Amino acid sequence: MADNRRSASFYMTATTQFGLEEVLAEELRQLGATIDRVGQRAVEFSGNKQLLYEAVLWCRTAMRILKPFAGFYARDEKALYREVSRINWQDFIGPDQTFAITAVVNKSSFEHSLFVAQLTKDAIVDQFRDRTGQRPSVDVKNPDVRLHLHMLENEVTLSLDAAGDSLHRRGYRQGTNVAPLNEVLAAGLLLLTGWDGRKTLIDPMCGSGTLLTEAALIAQRIAPGLYHQGKFGFENWPDFDRALWDSVRLDARQARLEEPQAYLGGSDISGEFINLARQNVAAADLEDFIRLSVRDVKDAKAPAKEEPGIVIMNPPYGERIGEEAEMAALYKTIGDTLKSGFQGYDAYVFTGNLEAAKRIGLKTSRRIPLYNGPIECRLLKYELYHGTRKGVVSKENPS
(Lines give C-alpha, C1' and ligand atoms only; values in the text may rest on other atoms or scores of the structure.)
Protein backbone atom coordinates (compact mmCIF):
# COMPACT_ATOMS: atom_id res chain seq x y z
CA MET A 1 0.00 0.00 0.00
CA ALA A 2 2.73 2.47 0.98
CA ASP A 3 4.56 1.95 -2.31
CA ASN A 4 1.35 2.56 -4.29
CA ARG A 5 0.80 5.81 -2.44
CA ARG A 6 4.35 6.84 -3.16
CA SER A 7 4.09 6.07 -6.85
CA ALA A 8 0.63 7.54 -7.56
CA SER A 9 1.04 10.71 -9.61
CA PHE A 10 -0.85 13.93 -8.85
CA TYR A 11 -0.86 17.55 -9.99
CA MET A 12 1.19 20.27 -8.30
CA THR A 13 2.02 23.91 -8.91
CA ALA A 14 5.36 25.55 -8.16
CA THR A 15 5.41 29.34 -7.94
CA THR A 16 8.41 31.54 -8.70
CA GLN A 17 9.39 35.08 -9.65
CA PHE A 18 8.75 36.66 -13.04
CA GLY A 19 11.40 35.59 -15.55
CA LEU A 20 12.46 32.41 -13.73
CA GLU A 21 9.64 30.15 -14.96
CA GLU A 22 11.69 28.20 -17.53
CA VAL A 23 14.58 27.83 -15.10
CA LEU A 24 12.21 26.36 -12.50
CA ALA A 25 10.61 24.06 -15.10
CA GLU A 26 14.07 22.69 -15.95
CA GLU A 27 14.85 22.15 -12.25
CA LEU A 28 11.64 20.14 -11.90
CA ARG A 29 12.41 18.13 -15.05
CA GLN A 30 15.80 17.23 -13.59
CA LEU A 31 13.97 15.83 -10.54
CA GLY A 32 11.78 13.69 -12.79
CA ALA A 33 8.63 15.82 -12.96
CA THR A 34 6.28 15.85 -15.93
CA ILE A 35 5.80 19.51 -16.87
CA ASP A 36 2.15 20.18 -17.72
CA ARG A 37 2.25 23.95 -18.22
CA VAL A 38 4.66 26.85 -17.80
CA GLY A 39 2.65 29.94 -16.89
CA GLN A 40 3.45 33.38 -15.52
CA ARG A 41 5.33 33.01 -12.22
CA ALA A 42 4.16 29.40 -11.97
CA VAL A 43 4.89 25.91 -13.33
CA GLU A 44 2.22 23.20 -13.26
CA PHE A 45 3.64 19.70 -13.07
CA SER A 46 2.90 16.10 -12.10
CA GLY A 47 4.72 13.61 -9.95
CA ASN A 48 4.47 11.36 -6.91
CA LYS A 49 4.97 11.97 -3.21
CA GLN A 50 8.72 11.44 -3.44
CA LEU A 51 8.92 14.14 -6.13
CA LEU A 52 6.93 16.51 -3.89
CA TYR A 53 9.41 16.01 -1.07
CA GLU A 54 12.38 16.37 -3.41
CA ALA A 55 10.96 19.53 -5.01
CA VAL A 56 10.62 21.22 -1.62
CA LEU A 57 14.15 20.14 -0.68
CA TRP A 58 16.00 20.78 -3.96
CA CYS A 59 14.27 23.51 -6.00
CA ARG A 60 16.42 26.63 -5.93
CA THR A 61 14.02 28.90 -7.83
CA ALA A 62 10.65 27.84 -6.36
CA MET A 63 8.89 30.14 -3.89
CA ARG A 64 6.14 27.64 -3.04
CA ILE A 65 5.15 24.08 -3.95
CA LEU A 66 1.37 23.75 -3.90
CA LYS A 67 -0.80 20.61 -4.00
CA PRO A 68 -4.29 21.48 -5.31
CA PHE A 69 -7.14 19.46 -3.79
CA ALA A 70 -10.38 21.30 -4.61
CA GLY A 71 -11.76 23.61 -7.27
CA PHE A 72 -15.11 25.34 -7.79
CA TYR A 73 -16.86 28.46 -9.09
CA ALA A 74 -18.03 31.02 -6.51
CA ARG A 75 -20.34 33.68 -7.89
CA ASP A 76 -20.74 35.52 -4.58
CA GLU A 77 -20.09 35.34 -0.83
CA LYS A 78 -22.80 32.75 -0.16
CA ALA A 79 -21.47 30.48 -2.92
CA LEU A 80 -17.91 30.72 -1.61
CA TYR A 81 -18.98 29.86 1.94
CA ARG A 82 -21.19 26.99 0.69
CA GLU A 83 -18.55 25.43 -1.55
CA VAL A 84 -15.83 25.64 1.12
CA SER A 85 -18.27 24.03 3.59
CA ARG A 86 -18.78 21.05 1.26
CA ILE A 87 -15.14 19.99 1.65
CA ASN A 88 -14.45 17.51 4.46
CA TRP A 89 -11.81 19.56 6.27
CA GLN A 90 -10.91 16.79 8.69
CA ASP A 91 -9.14 15.17 5.72
CA PHE A 92 -6.64 18.05 5.80
CA ILE A 93 -6.59 19.68 9.25
CA GLY A 94 -6.67 18.11 12.70
CA PRO A 95 -8.82 19.84 15.37
CA ASP A 96 -5.69 20.41 17.46
CA GLN A 97 -3.69 21.85 14.57
CA THR A 98 -3.25 25.49 13.58
CA PHE A 99 -3.87 26.72 10.06
CA ALA A 100 -3.66 29.84 7.91
CA ILE A 101 -4.96 30.84 4.51
CA THR A 102 -3.06 32.79 1.88
CA ALA A 103 -5.47 34.16 -0.75
CA VAL A 104 -4.69 35.60 -4.18
CA VAL A 105 -7.60 37.16 -6.07
CA ASN A 106 -7.44 38.27 -9.73
CA LYS A 107 -10.12 39.62 -12.11
CA SER A 108 -12.87 38.65 -9.71
CA SER A 109 -16.10 40.17 -8.36
CA PHE A 110 -14.44 39.82 -4.95
CA GLU A 111 -12.30 42.90 -4.42
CA HIS A 112 -10.19 41.97 -1.40
CA SER A 113 -8.09 38.85 -0.89
CA LEU A 114 -8.19 39.32 2.89
CA PHE A 115 -11.99 39.18 2.84
CA VAL A 116 -11.90 35.96 0.77
CA ALA A 117 -9.40 34.43 3.22
CA GLN A 118 -11.57 35.44 6.19
CA LEU A 119 -14.75 33.99 4.68
CA THR A 120 -12.95 30.73 3.84
CA LYS A 121 -11.56 30.56 7.39
CA ASP A 122 -15.07 31.07 8.82
CA ALA A 123 -16.49 28.21 6.73
CA ILE A 124 -13.71 25.84 7.88
CA VAL A 125 -14.00 26.77 11.56
CA ASP A 126 -17.80 26.57 11.49
CA GLN A 127 -17.67 23.06 10.02
CA PHE A 128 -15.33 21.83 12.76
CA ARG A 129 -17.44 23.44 15.47
CA ASP A 130 -20.68 21.91 14.07
CA ARG A 131 -19.22 18.41 13.62
CA THR A 132 -16.84 18.03 16.56
CA GLY A 133 -17.54 20.82 19.02
CA GLN A 134 -13.89 21.83 18.61
CA ARG A 135 -12.21 24.23 16.22
CA PRO A 136 -8.64 24.52 14.95
CA SER A 137 -6.87 27.81 15.71
CA VAL A 138 -5.55 30.26 13.18
CA ASP A 139 -1.81 31.02 13.30
CA VAL A 140 -0.87 33.45 10.56
CA LYS A 141 2.90 33.36 11.19
CA ASN A 142 3.73 29.69 11.76
CA PRO A 143 0.73 27.42 11.05
CA ASP A 144 0.82 23.63 11.04
CA VAL A 145 -1.16 23.65 7.77
CA ARG A 146 -1.02 26.54 5.31
CA LEU A 147 -3.76 26.65 2.71
CA HIS A 148 -3.47 28.61 -0.52
CA LEU A 149 -6.60 29.97 -2.23
CA HIS A 150 -6.28 31.22 -5.80
CA MET A 151 -9.30 32.94 -7.37
CA LEU A 152 -9.23 33.89 -11.05
CA GLU A 153 -12.48 35.28 -12.49
CA ASN A 154 -14.35 33.65 -9.58
CA GLU A 155 -12.89 30.21 -10.32
CA VAL A 156 -11.36 29.02 -7.04
CA THR A 157 -8.50 26.57 -6.55
CA LEU A 158 -7.64 25.45 -3.02
CA SER A 159 -4.19 23.97 -2.39
CA LEU A 160 -2.01 22.74 0.43
CA ASP A 161 1.30 24.59 0.74
CA ALA A 162 3.94 21.87 0.93
CA ALA A 163 6.68 24.09 2.35
CA GLY A 164 4.49 26.11 4.71
CA ASP A 165 6.70 29.17 4.28
CA SER A 166 8.28 30.79 1.23
CA LEU A 167 11.21 28.67 0.06
CA HIS A 168 13.39 31.76 -0.48
CA ARG A 169 13.86 31.77 3.32
CA ARG A 170 16.60 29.17 3.24
CA GLY A 171 17.59 29.52 6.88
CA TYR A 172 21.31 30.29 6.52
CA ARG A 173 21.11 34.09 6.32
CA GLN A 174 22.26 35.78 9.55
CA GLY A 175 22.20 39.37 8.33
CA THR A 176 21.98 41.41 5.13
CA ASN A 177 22.96 44.72 3.62
CA VAL A 178 20.35 47.38 2.90
CA ALA A 179 18.91 45.94 -0.33
CA PRO A 180 19.81 42.25 -0.58
CA LEU A 181 18.75 39.87 -3.32
CA ASN A 182 16.44 37.18 -2.05
CA GLU A 183 17.88 33.70 -2.31
CA VAL A 184 15.52 32.47 -5.05
CA LEU A 185 16.37 35.42 -7.29
CA ALA A 186 20.10 34.99 -6.63
CA ALA A 187 19.94 31.30 -7.57
CA GLY A 188 17.82 32.18 -10.61
CA LEU A 189 20.38 34.71 -11.85
CA LEU A 190 23.14 32.12 -11.59
CA LEU A 191 21.11 29.46 -13.40
CA LEU A 192 20.10 31.96 -16.13
CA THR A 193 23.80 32.52 -16.91
CA GLY A 194 24.19 28.81 -17.65
CA TRP A 195 27.07 28.62 -15.16
CA ASP A 196 28.04 24.97 -14.74
CA GLY A 197 29.25 25.06 -11.13
CA ARG A 198 32.80 24.36 -12.27
CA LYS A 199 34.10 27.59 -13.80
CA THR A 200 35.55 30.49 -11.83
CA LEU A 201 32.88 32.83 -10.46
CA ILE A 202 33.67 36.31 -9.13
CA ASP A 203 31.31 38.85 -7.51
CA PRO A 204 33.21 42.15 -7.05
CA MET A 205 30.23 43.89 -5.34
CA CYS A 206 29.09 40.99 -3.19
CA GLY A 207 27.34 42.80 -0.32
CA SER A 208 26.25 40.21 2.24
CA GLY A 209 27.19 37.37 -0.11
CA THR A 210 23.89 35.91 -1.30
CA LEU A 211 25.02 35.30 -4.90
CA LEU A 212 28.21 33.61 -3.70
CA THR A 213 26.41 31.48 -1.14
CA GLU A 214 23.88 30.28 -3.70
CA ALA A 215 26.74 29.62 -6.14
CA ALA A 216 28.46 27.42 -3.56
CA LEU A 217 25.23 25.48 -3.00
CA ILE A 218 25.03 24.82 -6.74
CA ALA A 219 28.70 23.93 -7.13
CA GLN A 220 28.82 21.61 -4.11
CA ARG A 221 25.47 19.98 -4.98
CA ILE A 222 23.83 21.04 -1.70
CA ALA A 223 20.02 21.01 -1.43
CA PRO A 224 18.91 24.43 -0.14
CA GLY A 225 16.07 22.84 1.84
CA LEU A 226 18.59 21.19 4.16
CA TYR A 227 19.01 24.57 5.88
CA HIS A 228 15.29 24.88 6.66
CA GLN A 229 14.49 25.59 10.31
CA GLY A 230 11.66 23.54 11.83
CA LYS A 231 9.15 21.42 9.92
CA PHE A 232 8.03 21.79 6.33
CA GLY A 233 4.27 22.06 5.82
CA PHE A 234 3.87 18.54 4.41
CA GLU A 235 5.27 17.06 7.64
CA ASN A 236 1.97 18.06 9.28
CA TRP A 237 -0.27 16.52 6.61
CA PRO A 238 -2.29 13.38 7.48
CA ASP A 239 -0.58 11.37 4.71
CA PHE A 240 2.99 12.33 5.70
CA ASP A 241 5.40 9.45 5.04
CA ARG A 242 8.20 9.74 7.61
CA ALA A 243 10.28 6.87 6.19
CA LEU A 244 10.15 8.31 2.66
CA TRP A 245 11.10 11.80 3.89
CA ASP A 246 14.03 10.43 5.91
CA SER A 247 15.22 8.60 2.79
CA VAL A 248 14.94 11.71 0.59
CA ARG A 249 16.88 13.79 3.13
CA LEU A 250 19.57 11.14 3.50
CA ASP A 251 20.02 11.03 -0.28
CA ALA A 252 20.38 14.83 -0.31
CA ARG A 253 23.00 14.82 2.44
CA GLN A 254 24.99 12.15 0.60
CA ALA A 255 24.85 14.13 -2.66
CA ARG A 256 26.93 16.96 -1.16
CA LEU A 257 30.43 17.26 -2.65
CA GLU A 258 33.13 17.97 -0.07
CA GLU A 259 35.94 18.92 -2.46
CA PRO A 260 35.67 22.50 -3.87
CA GLN A 261 34.30 22.35 -7.40
CA ALA A 262 34.94 25.94 -8.50
CA TYR A 263 36.90 29.04 -7.50
CA LEU A 264 34.33 31.37 -5.90
CA GLY A 265 35.57 34.81 -4.92
CA GLY A 266 33.84 37.95 -3.72
CA SER A 267 34.73 41.44 -2.54
CA ASP A 268 33.03 44.64 -1.47
CA ILE A 269 34.18 48.14 -0.56
CA SER A 270 32.35 47.84 2.78
CA GLY A 271 34.12 45.93 5.55
CA GLU A 272 30.77 45.78 7.37
CA PHE A 273 29.14 43.98 4.43
CA ILE A 274 32.06 41.55 4.14
CA ASN A 275 31.65 40.72 7.85
CA LEU A 276 27.96 40.01 7.20
CA ALA A 277 28.93 37.85 4.22
CA ARG A 278 31.37 35.89 6.38
CA GLN A 279 28.64 35.27 8.97
CA ASN A 280 26.21 34.02 6.31
CA VAL A 281 28.84 31.82 4.66
CA ALA A 282 29.77 30.35 8.06
CA ALA A 283 26.10 29.72 8.94
CA ALA A 284 25.79 27.77 5.68
CA ASP A 285 29.00 25.83 6.50
CA LEU A 286 30.62 27.02 3.26
CA GLU A 287 33.81 28.70 4.50
CA ASP A 288 35.97 26.20 2.59
CA PHE A 289 34.42 27.17 -0.74
CA ILE A 290 34.20 31.00 -0.83
CA ARG A 291 37.00 33.59 -0.68
CA LEU A 292 36.01 37.05 0.59
CA SER A 293 37.94 40.32 0.82
CA VAL A 294 37.43 44.07 1.26
CA ARG A 295 38.13 45.80 -2.05
CA ASP A 296 36.76 48.67 -4.10
CA VAL A 297 35.20 47.52 -7.39
CA LYS A 298 37.70 49.73 -9.29
CA ASP A 299 40.51 47.53 -7.96
CA ALA A 300 38.83 44.18 -8.66
CA LYS A 301 40.51 41.81 -11.10
CA ALA A 302 40.41 38.17 -12.11
CA PRO A 303 42.42 35.70 -10.00
CA ALA A 304 45.75 35.20 -11.77
CA LYS A 305 45.97 31.41 -11.64
CA GLU A 306 42.35 30.56 -12.51
CA GLU A 307 40.81 29.91 -15.91
CA PRO A 308 38.31 32.60 -16.98
CA GLY A 309 34.70 32.00 -15.98
CA ILE A 310 31.99 34.49 -15.13
CA VAL A 311 31.91 37.75 -13.20
CA ILE A 312 28.48 38.66 -11.83
CA MET A 313 27.26 41.57 -9.73
CA ASN A 314 24.19 43.38 -8.46
CA PRO A 315 25.32 47.02 -8.09
CA PRO A 316 23.22 49.71 -6.38
CA TYR A 317 20.41 51.16 -8.50
CA GLY A 318 20.49 54.68 -6.97
CA GLU A 319 16.85 55.03 -5.98
CA ARG A 320 17.32 58.15 -3.86
CA ILE A 321 16.86 61.58 -5.41
CA GLY A 322 20.06 63.25 -6.58
CA GLU A 323 22.11 60.08 -7.06
CA GLU A 324 22.16 60.19 -10.87
CA ALA A 325 25.71 61.52 -11.19
CA GLU A 326 27.01 59.15 -8.52
CA MET A 327 25.42 56.15 -10.27
CA ALA A 328 26.72 57.22 -13.68
CA ALA A 329 30.25 57.35 -12.28
CA LEU A 330 29.86 54.00 -10.51
CA TYR A 331 28.63 52.22 -13.64
CA LYS A 332 31.43 53.75 -15.71
CA THR A 333 33.87 52.37 -13.12
CA ILE A 334 32.21 48.94 -13.42
CA GLY A 335 32.71 49.04 -17.20
CA ASP A 336 36.35 50.08 -16.83
CA THR A 337 36.97 47.26 -14.34
CA LEU A 338 35.38 44.67 -16.60
CA LYS A 339 37.43 45.79 -19.61
CA SER A 340 40.76 45.94 -17.80
CA GLY A 341 40.44 43.22 -15.16
CA PHE A 342 38.30 40.43 -16.61
CA GLN A 343 39.31 39.79 -20.21
CA GLY A 344 38.09 36.40 -21.42
CA TYR A 345 35.24 36.31 -18.90
CA ASP A 346 31.49 36.54 -19.45
CA ALA A 347 30.15 39.38 -17.28
CA TYR A 348 26.62 39.70 -15.92
CA VAL A 349 25.30 42.88 -14.34
CA PHE A 350 21.88 42.74 -12.67
CA THR A 351 20.43 46.22 -12.35
CA GLY A 352 17.27 48.27 -12.05
CA ASN A 353 19.01 51.42 -13.34
CA LEU A 354 19.09 51.03 -17.12
CA GLU A 355 20.09 54.64 -17.69
CA ALA A 356 23.23 54.28 -15.55
CA ALA A 357 23.93 50.90 -17.18
CA LYS A 358 24.59 52.69 -20.48
CA ARG A 359 27.74 54.09 -18.86
CA ILE A 360 29.24 50.60 -18.65
CA GLY A 361 30.24 51.20 -22.27
CA LEU A 362 30.21 47.60 -23.46
CA LYS A 363 27.98 45.83 -25.97
CA THR A 364 25.32 43.63 -24.36
CA SER A 365 24.87 40.16 -25.87
CA ARG A 366 21.79 39.32 -23.76
CA ARG A 367 19.22 41.38 -21.85
CA ILE A 368 16.91 39.31 -19.63
CA PRO A 369 13.91 41.09 -18.03
CA LEU A 370 13.36 40.32 -14.33
CA TYR A 371 12.13 42.02 -11.17
CA ASN A 372 13.84 42.65 -7.85
CA GLY A 373 10.79 43.10 -5.63
CA PRO A 374 8.73 45.80 -7.37
CA ILE A 375 11.71 47.14 -9.36
CA GLU A 376 11.87 46.23 -13.06
CA CYS A 377 15.40 45.05 -13.79
CA ARG A 378 17.58 43.50 -16.49
CA LEU A 379 20.29 40.87 -16.30
CA LEU A 380 22.80 42.24 -18.81
CA LYS A 381 25.42 39.97 -20.35
CA TYR A 382 28.76 41.25 -21.69
CA GLU A 383 31.29 39.05 -23.45
CA LEU A 384 34.74 40.34 -22.50
CA TYR A 385 36.98 39.32 -25.37
CA HIS A 386 40.75 39.14 -25.27
CA GLY A 387 42.45 41.69 -27.46
CA THR A 388 40.83 44.36 -29.61
CA ARG A 389 37.15 43.39 -29.21
CA LYS A 390 37.10 43.77 -25.42
CA GLY A 391 36.45 47.51 -25.51
CA VAL A 392 33.73 47.68 -28.17
CA VAL A 393 31.46 50.53 -27.11
CA SER A 394 27.71 50.24 -27.48
CA LYS A 395 25.34 53.18 -27.72
CA GLU A 396 22.30 50.93 -27.55
CA ASN A 397 19.80 51.20 -24.75
CA PRO A 398 20.17 48.13 -22.48
CA SER A 399 16.43 48.03 -21.79
Side-chain angles (χ1 to χ4, degrees), residues 1-16 23-36 43-69 91-94 97 142-148 159-172 183-184 187 191 197 213-214 216-259 261 283-286 289:
M1 285 289 288
D3 285 340
N4 288 338
R5 286 200 304 272
R6 290 177 179 185
S7 60
S9 188
F10 50 87
Y11 285 102
M12 291 169 265
T13 300
T15 66
T16 188
V23 175
L24 174 56
E26 183 55 31
E27 282 199 275
L28 290 164
R29 280 189 201 97
Q30 294 291 329
L31 292 172
T34 299
I35 304 301
D36 299 306
V43 179
E44 296 171 20
F45 65 103
S46 305
N48 60 13
K49 190 181 290 188
Q50 179 172 332
L51 179 77
L52 171 69
Y53 293 177
E54 289 176 345
V56 170
L57 196 62
W58 278 101
C59 279
R60 303 180 193 280
T61 57
M63 301 294 279
R64 297 186 183 277
I65 308 290
L66 305 174
K67 182 182 179 184
F69 63 87
D91 290 344
F92 306 102
I93 306 168
Q97 287 185 312
N142 190 30
D144 296 321
V145 179
R146 186 177 292 278
L147 304 168
H148 191 275
S159 305
L160 293 163
D161 187 328
D165 194 6
S166 176
L167 288 167
H168 83 272
R169 296 189 181 96
R170 306 282 202 237
Y172 63 72
E183 295 89 327
V184 159
L191 294 171
T213 305
E214 291 296 318
L217 298 188
I218 292 169
Q220 302 306 132
R221 212 183 298 158
I222 299 169
L226 289 174
Y227 295 101
H228 183 76
Q229 309 291 308
K231 288 183 176 180
F232 284 113
F234 63 75
E235 294 182 70
N236 295 314
W237 295 356
D239 68 347
F240 174 53
D241 187 331
R242 166 65 65 186
L244 179 59
W245 175 230
D246 287 346
S247 172
V248 166
R249 266 197 310 189
L250 179 63
D251 288 346
R253 289 195 188 100
Q254 292 178 339
R256 174 181 171 129
L257 301 171
E258 295 301 334
E259 286 298 311
Q261 300 298 300
D285 192 24
L286 297 172
F289 310 110

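Every value quoted in this text rests on a predicted model; they were computed, and no experiment measured them. Throughout, numbering of the chain's residues begins at 1 and tracks the sequence.
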>> Q254: which residues meet the side chain to side chain donor-acceptor pair (under 3.5 Å) condition with it, sequence neighbours left out?
In response: none
> Out of curiosity, F45 CZ to L31 CG, how far, rounded to the nearest 0.5 Å?
Replying inline: 8.5 Å
>> Going by side chain to side chain donor-acceptor pair (under 3.5 Å), name the residues that satisfy it together with Q30, two or more places apart in sequence or in a different chain.
In response: E26
> What residues, two or more places apart in sequence or in another chain, satisfy side-chain contact (heavy atoms from CB on, under 4.5 Å) together with S247?
Replying inline: D251
> Would you say the side-chain atoms of K49 pair up with the backbone N or O of W245, donor to acceptor, closer than 3.5 Å?
Replying inline: no
> side chain to side chain donor-acceptor pair (under 3.5 Å) with H148: which residues, sequence neighbours excluded?
Replying inline: none
> So, do L160 and L66 sit near enough that their side-chain heavy atoms are less than 4.5 Å apart?
Replying inline: no
>> Minimum heavy-atom separation for V145 and Q97, please, with both atom names.
In response: CG2-OE1, 3.8 Å
> Can a donor-acceptor pair be found between the side chains of S46 and D36 at a distance below 3.5 Å?
Replying inline: yes
> Do the rings of F234 and W237 sit parallel, tilted or perpendicular, given the 30° and 60° boundaries?
Replying inline: perpendicular
> Can you name the side chain to side chain donor-acceptor pair (under 3.5 Å) partners of E27, sequence neighbours left out?
Replying inline: T61
> Residues two or more places apart in sequence or in another chain: which of them pass salt bridge (charged side-chain N to carboxylate O under 4.0 Å, His left out) with D285?
Replying inline: R256
> Is the NZ or CZ atom of K67 both under 6.0 Å from the centre of the six-membered ring of F10 and within 45° of that ring's axis?
Replying inline: yes
>> Measuring from atom OG1 of T13 to atom CD1 of I65, what distance do you get when rounded to the nearest 0.5 angstrom?
In response: 9.0 Å
> Taking all atoms of both residues into account, what is the closest heavy-atom pair of A223 and A252, and its distance?
Replying inline: CB-CB, 4.1 Å
>> Under the rule for salt bridge (charged side-chain N to carboxylate O under 4.0 Å, His left out), what residues qualify as partners of R60, not counting sequence neighbours?
In response: none
> Near R221 CZ, under 6.0 Å, is it more than 12 heavy atoms from other residues, nucleotides or ligands?
Replying inline: no
> Should E235 and R242 be marked as a side chain to side chain contact (heavy atoms under 4.5 Å, CB included) after you check the CA-CA gap, both sets of side-chain angles, and the distance that decides it?
Replying inline: CA-CA 8 Å; E235 294 182 70; R242 166 65 65 186; 3.9 Å; yes
Only pairs under 3.5 Å count here: list side-chain donor-acceptor contacts from residues 51-59, not counting sequence neighbours, and write none if there are none.
{"residue": "Y53", "atom": "OH", "partner": "D241", "partner atom": "N", "Å": "3.1"}
{"residue": "E54", "atom": "OE2", "partner": "Q50", "partner atom": "NE2", "Å": "3.0"}

> Between atom CG of L226 and atom CZ of R253, what is the distance when rounded to the nearest 0.5 Å?
Replying inline: 6.0 Å
> Quick one: salt bridge (charged side-chain N to carboxylate O under 4.0 Å, His left out) partners of R64, sequence neighbours excluded?
Replying inline: D161
>> If the condition is ring-ring contact (aromatic ring centres under 6.0 Å, His included), which residues does F92 pass it with, not counting sequence neighbours?
In response: F69, W89
>> Tell me whether Q220 contacts the main-chain N or O of Q261 through its side chain, where contact means a donor paired with an acceptor under 3.5 Å.
In response: yes
> Can you list the steps and then say if E214 with R170 is a side chain to side chain contact (heavy atoms under 4.5 Å, CB included)?
Replying inline: CA-CA 10 Å; E214 291 296 318; R170 306 282 202 237; 3.0 Å; yes
> Taking atom OH of Y172 and atom CD of Q229, what is their separation to the nearest 0.5 Å?
Replying inline: 12.5 Å
>> Going by salt bridge (charged side-chain N to carboxylate O under 4.0 Å, His left out), name the residues that satisfy it together with D144, two or more places apart in sequence or in a different chain.
In response: none
> With distance as the sole criterion, is a donor-acceptor pair present between the side chains of Y227 and E183 under 3.5 Å?
Replying inline: no
> Of all residues at least two apart in sequence or in a different chain, which pass the ring-ring contact (aromatic ring centres under 6.0 Å, His included) check with H168?
Replying inline: none
> Does D165 come within less than 4.0 Å of K231, counting only side-chain N to carboxylate O?
Replying inline: no
>> Quick one, T15 with L24, criterion side chain to side chain contact (heavy atoms under 4.5 Å, CB included). Give me CA distance, side-chain angles, the key distance, then yes/no.
In response: CA-CA 9 Å; T15 66; L24 174 56; over 6 Å; no
